[in-house]
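Written out below as structure tokens is the structure these notes cover.
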Number of protein chains: 2
Amino acid sequence: MYRKRNLLLIASLIVCTSYASLHLVENDETVPYPDGYRKWTHISSAVIGPSSPAFSRFGGVHHIYANDKAMKGFEMEEFPEGSVFVFDLLAMVEEQGTIKGGARKFIDVMVKDSNRYDSTGGWGYQEFKGDTKEINIGNLERQTCFNCHVRQKKMDYVFSKFRP
Amino acid sequence: MYRKRNLLLIASLIVCTSYASLHLVENDETVPYPDGYRKWTHISSAVIGPSSPAFSRFGGVHHIYANDKAMKGFEMEEFPEGSVFVFDLLAMVEEQGTIKGGARKFIDVMVKDSNRYDSTGGWGYQEFKGDTKEINIGNLERQTCFNCHVRQKKMDYVFSKFRP
């Protein structure tokens with residue numbers, strides 16, 4: 001009996017792990033680095049300061065950029081395939097009452113590919129460290145991106161609004 | 001003698017006023033509104049807070065945008081004719097430790113036209129009120145723009161640096 005239970009447990013673990021791998025790897029290194037995003041359209045910016053509940057994760061000066069496809073999405077009900085948003089987070093530098101962006105902390109990227117990222121609303125999520133193309137997060141954080149963006153399901157999972 | 005002095009004074013005033021008019025009117029309504037600037041390249045941003053010496057004039061959240069010609073200027077020693085920069089100033093809105101841009105206060109524009117604006121380093125300066133195309137400053141303030149930008153003569157009068 002004890003042996004059977006153990007076998008069942010091991011089998012379950014194998015199934016779960018395989019499922020987890022299958023489910024999450026597709027969202028792993030498939031989101032490409034958004035080359036040239038700094039010349040895309042600037043959507044909006046904000047400074048997240050120490051008294052914000054989001055400070056530990058997103059504290060600093062951030063700018064959001066959208067590629068041309070994502071810009072078209074703002075006029076439609078849904079963002080077209082290939083839409084990309086970049087959340088560009090810089091350290092906060094304060095001097096004589098002026099706040100500016102300092103060193104880049106990371107960029108967060110979301111790309112629309114409904115076939116590939118069907119399980120996360122059609123969007124793939126990725127984070128790249130500093131000024132590098134080095135992946136900065138694991139599957140758990142990627143899932144967290146989706147868990148937050150799902151609140152915006154009605155807006156096709158996008159929080160940003162173009163600030164004319 | 002007294003009469004001669006008075007005549008001289010009046011003559012001087014006429015000359016000075018005419019010179020001022022000639023000198024400044026050319027820089028008056030000739031700088032066009034930069035249609036579509038919100039989709040130009042975002043150069044940099046900053047928040048000028050109440051403890052900054054620049055607060056009374058420029059307090060708020062600002063973004064700087066450059067057109068394609070101005071972008072080319074960053075790679076050269078000089079900005080090409082037709083280069084345009086926009087300094088887009090929004091009111092500061094603070095909520096739960098996050099600072100965002102609110103209503104637009106004004107936009108400041110500088111346009112490179114060496115023939116037209118020879119007396120101010122080849123750049124014409126203008127300010128438009130809020131979200132309108134209404135001119136927001138007079139010749140005195142335009143002169144002040146130049147008096148400040150002249151400090152950057154070595155950089156062709158441009159303060160901004162593209163933040164890659």
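Computed from heavy atoms alone, side chains included, the values below leave out hydrogens, waters and symmetry copies. Convention: sequence-line order gives letters A, B, ...; per-chain numbering from 1.
- Between chain B and the residues A/Pro164, A/Ser51, A/Gly49, the largest count of heavy-atom pairs under 4.5 Å involves A/Pro164.
- Side chains of B/Lys39 and A/Trp40 form no contact here, defined as non-hydrogen atoms less than 4.5 Å apart.
- Within a 6.0 Å sphere centred on CE of B/Met155, heavy atoms belonging to other residues, nucleotides or ligands number 12 at most.
- The cluster map of Ile, Leu, Val, Met, Phe, Trp and Tyr, joined by side-chain heavy atoms under 4.5 Å apart, puts A/Val150 and A/Tyr125 in the same cluster.
- By number of non-hydrogen pairs under 4.5 angstrom with chain A, the leading residue of B/Leu90, B/Asp88, B/Val61 is B/Leu90.
- For the pair B/Arg38 (side chain) and A/Phe162 (backbone), a donor-acceptor distance under 3.5 Å is absent.
- Linking ILVMFWY residues whenever their side-chain heavy atoms come closer than 4.5 Å, directly or via other members, places B/Tyr157 and B/Phe74 in the same cluster.
- Contact annotation for B/Phe55: neither backbone nor side-chain heavy atoms come within less than 4.5 Å of a heavy atom of chain A.
- With contacts defined as side-chain heavy-atom distances shorter than 4.5 Å, the pair A/Thr98/B/Val47 does not qualify.
- Only the side chain of B/Thr41 comes within contact range of chain A, with at least one heavy atom under 4.5 Å from a heavy atom of that chain.
- There is no contact between B/Tyr37 and chain A, counting heavy-atom distances below 4.5 Å.
- Contact annotation: the side chain of B/Arg104 approaches that of A/Arg163 to within less than 4.5 Å [non-hydrogen atoms, C-beta and beyond].
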Test B/His63 against A/Ser45 for side-chain contact (heavy atoms from CB on, under 4.5 Å), laying out the working first. CA-CA 9 Å; B/His63 306 301; A/Ser45 296; 3.4 Å; yes

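- The most heavy-atom pairs under 4.5 Å with chain B, out of A/Ala46, A/Pro50, A/Gly97, come from A/Gly97.
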